[in-house]
Amino acid sequence: MRVTVDPDKCCGAGQCVLVAPEVFDQRDEDGIVVLLDAAPPADRHEAVREAAAICPAAAIEVDA
Amino acid sequence: MTSGDRGRPAPRIAVVGASAAGLAAVEGLRRAGWDGLLTLVGDEPHPPYDRPPLSKQVLSGSWEPDRTGLRSAEQLAGLDLDLRLGTRAAALDAAARRLTLDDAERTVLDCAGIVVATGVRPRTLPGTEGVAGVYVLRSLEDALALRERLAAPGRRLAVVGDGVLGAEAAAVATGLGHRVVLIGSGTAPMGRVLGAETGALLAAVHRAHGVELRAGRASGVVTGPDPAGGPDGRHVTGVRLADGGTVEADTVLVATGSVPAVDWLGPSGEAAAPGAEAAGAGARAADGVRLDLADGLGCDAHCAAAPGVYGAGDVARWYHPVLGRTLRVEHRMNATEQGLAAARNLLAELDAERFGAPRPFAPVPYFWSDQFGLKLQAYGVLEGADRIEVLCLEKDPLRLAALHGREGRATGVLGAGLPPRTVRGLRALVAGDAPADWDEALAAFRTAVQG
Ligand SMILES: Cc1cc2nc3c(=O)[nH]c(=O)nc-3n(C[C@H](O)[C@H](O)[C@H](O)COP(=O)(O)OP(=O)(O)OC[C@H]3O[C@@H](n4cnc5c(N)ncnc54)[C@H](O)[C@@H]3O)c2cc1C
Ligand code: SF4
């Protein structure tokens, strides 16, 4: 699985961090998403897909 | 799907409204394993796009419209949809789960389930139809029209309504160099939601940037001749206030809230179907299925409006089991979460063995707003508070947190200019399985903010 984020679209909602804290974090200054793990292990794939689905800015993309 | 499929056409689920909630519903259905037909009907010509950027990046000109697309063409293709854009749903026979489309063929779709995600439509001011220079802001076309208008320098813009949408648009237009009057409370933009104290802080931010805040209720517009609009053409020259005053303007944005798009679900929408009962909003008594259309589409804790009929997003009013009351949320995060919940619960109703039991929809509501570089974020319910505690960090009025409560319970939190960790700490205060006691929440609130 490859994860990409678009910080420019991100609105800092932080939903991704609630769902998959090992994969996403937020910058302290403005809450914009920080990708911690662009190739997360299999046991996190479901959470990452969930994060991509609920991100209110469509800022997370997952392939495979 | 069901065991008796032999020879029958594949079952179909139709999702009406191809925006945030409708997209979440179709994605949720496919992710959960729905392999029947999946129709997505939307009356806008565009594939699902995002609205929050319309009053921010699109209006300011920093984004071109295509950036608002919520999914790529490949992602949409991967959902294997029967996608019907530019098509309005005309009527729903809820008992028969039969959807009539407003296309040339008057297509009728028999469905196993239906998700209603038709959102809301902007309110307008009486007497503004056909008047040049008057705008609303809900769709991409709306945003582009207003943006084009604001491309000429030195406009005098009057924004009618100082809720979140009006306040954001006023901020962007001011940033573009226009003279902006925000008509509403006059003292507290978004005051109905934020309360007087936080509203006053936001008012100070708007004033500091040059927005004129004007107390008043708009009753209509003043117009003059518009040579560009033909012999009868009228152009707006101002906003008329109920107290008799006027606000001069060459451009008016009406941001006075919205109305749930349930017209097509009501008796007139039904008129095409034989035997429809004409009396009473949403009446469908002949066959025992009655949609509650009093304020949006009334749904239960599972987002069900009737057997096989679910609601999601801005249009849906549902019973929130933790808050113990019905709620209709016009915010972006809810559209996605409720679209997913409606999808899951519809499948559970259709085939519990395969898709599991339905789950009540009990989210922690969330919204954000960006104004003049200030980001407001809120969890829970801010409206209707009977007590509000506001704390400023390091005496900086732009770094603040607020706890809202009602009847001895903490109901919502608001943060601005806070680090994300603090915001998540605030969220936890209103994210419990039961409404939090005010005094306990207040103590935890002070600790979360001041450390
Ligand atoms: C300018 C703007 C800025 C915003 N900013 C924020 C923000 O900063 N933060 C935030 O939390 N929220 C914000 N929101 C709110 C957020 O965009 C909405 O909550 C969200 O779009 C709701 O999604 P929805 O799918 O329920 O409804 P909608 O987005 O309204 O979509 C409903 C769709 O259904 C279509 N439709 C209606 N009737 C029919 C019919 N009969 N047949 C077929 N299709 C139909 C409509 O045309 C529309 O495409 C903003 C909204 C706007 C307009
Ligand atoms: S959920 Fe989306 S918008 Fe929110 S912080 Fe994560 S990437 Fe950004």
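All of these numbers come straight from a predicted model, not from anything done at the bench. Every chain is numbered from 1 and lettered A, B, ... according to where its sequence line falls, protein lines coming before strand lines.
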Novice: Considering all heavy atoms of both residues, which atom of A:A53 and which atom of B:T336 are nearest to each other, and what is their separation?
Specialist: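 Heavy atoms of A:A53 and B:T336 come nearest at O-CG2, 3.3 Å.
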Novice: Determine the minimum heavy-atom distance between A:D8 and B:Q57, stating which atoms define it.
Specialist: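 Taking A:D8 first and B:Q57 second, the nearest heavy atoms are O-NE2, 4.5 Å.
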Novice: Quick one: closest heavy-atom pair of B:P420 and A:G31, and the distance?
Specialist: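 Closest heavy-atom pair between B:P420 and A:G31: CG-CA, 3.7 Å.
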Novice: Should B:D50 and A:K9 count as an ion pair when the cut-off is N to O under 4.0 Å?
Specialist: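 No, B:D50 and A:K9 are not salt-bridged.
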Novice: Pick one of side chain, backbone, both or neither for B:L340, based on which atoms fall under 4.5 Å of a heavy atom in chain A.
Specialist: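 Contact with chain A: side chain only.
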Novice: Heavy-atom cut-off 4.5 Å, strictly under: side chain, backbone, both or neither for B:Y379 against chain A?
Specialist: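 When you check distances to chain A, only side chain atoms of B:Y379 fall under 4.5 Å.
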Novice: Run the salt-bridge test on B:R421 and A:D25 with the 4.0 Å N-O cut-off and return the result as yes or no.
Specialist: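 No, B:R421 and A:D25 are not salt-bridged.
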Novice: Is the shortest side-chain N to carboxylate O distance from A:E61 to B:R71 below 4.0 Å?
Specialist: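 Not counted as a salt bridge, because no side-chain N and carboxylate O are separated by less than 4.0 Å.
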Novice: Between A:C11, A:A57, A:G12, A:A59, which shows the greatest number of heavy-atom pairs under 4.5 Å with chain B?
Specialist: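 Looking at each option in turn, the highest pair count goes to A:C11.
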Novice: Under the side-chain contact (heavy atoms from CB on, under 4.5 Å) criterion, do A:V17 and B:R424 qualify, and how do the steps go?
Specialist: CA-CA 9 Å; A:V17 184; B:R424 287 197 291 273; 3.5 Å; yes
Novice: Checking side-chain contact (heavy atoms from CB on, under 4.5 Å) for the pair A:Q26/B:V423: CA distance, chi angles, key distance, verdict?
Specialist: CA-CA 11 Å; A:Q26 292 171 275; B:V423 176; over 6 Å; no
Novice: Chain A heavy atoms under 4.5 Å from B:R67: which part of the residue, side chain, backbone, both or neither?
Specialist: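 Both backbone and side chain.
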Novice: Over all heavy atoms of both residues, which pair between B:Y366 and A:A13 is shortest? Give the atoms and the distance, please.
Specialist: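 Looking at all heavy atoms of both residues, the shortest contact is OH-CA, 3.2 Å.
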Novice: In this structure, are over 12 heavy atoms from other groups packed under 6.0 Å from B:R359 atom CZ?
Specialist: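 Counting neighbours around CZ of B:R359, 12 or fewer heavy atoms of other residues, nucleotides or ligands fall under 6.0 Å, so no.
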Novice: To the nearest 0.5 Å, what is the distance between CG (A:D28) and CG (B:L418)?
Specialist: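 The CG atom of B:L418 is 11.0 Å from CG of A:D28, to the nearest 0.5 Å.
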Novice: Hey, are A:R49 and B:E27 close enough for a salt bridge, meaning a charged N less than 4.0 Å from a carboxylate O?
Specialist: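 Salt bridge between A:R49 and B:E27, a charged N being under 4.0 Å from a carboxylate O: no.
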Novice: Could you tell me the separation between the CD1 atom of A:I54 and the CD atom of B:E337, rounded to the nearest 0.5 Å?
Specialist: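 Taking CD1 in A:I54 and CD in B:E337, the distance rounds to 6.0 Å.
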Novice: CG of B:D396: more than 12 outside heavy atoms within 6.0 angstrom?
Specialist: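 It does: B:D396 CG has more than 12 such atoms within range.
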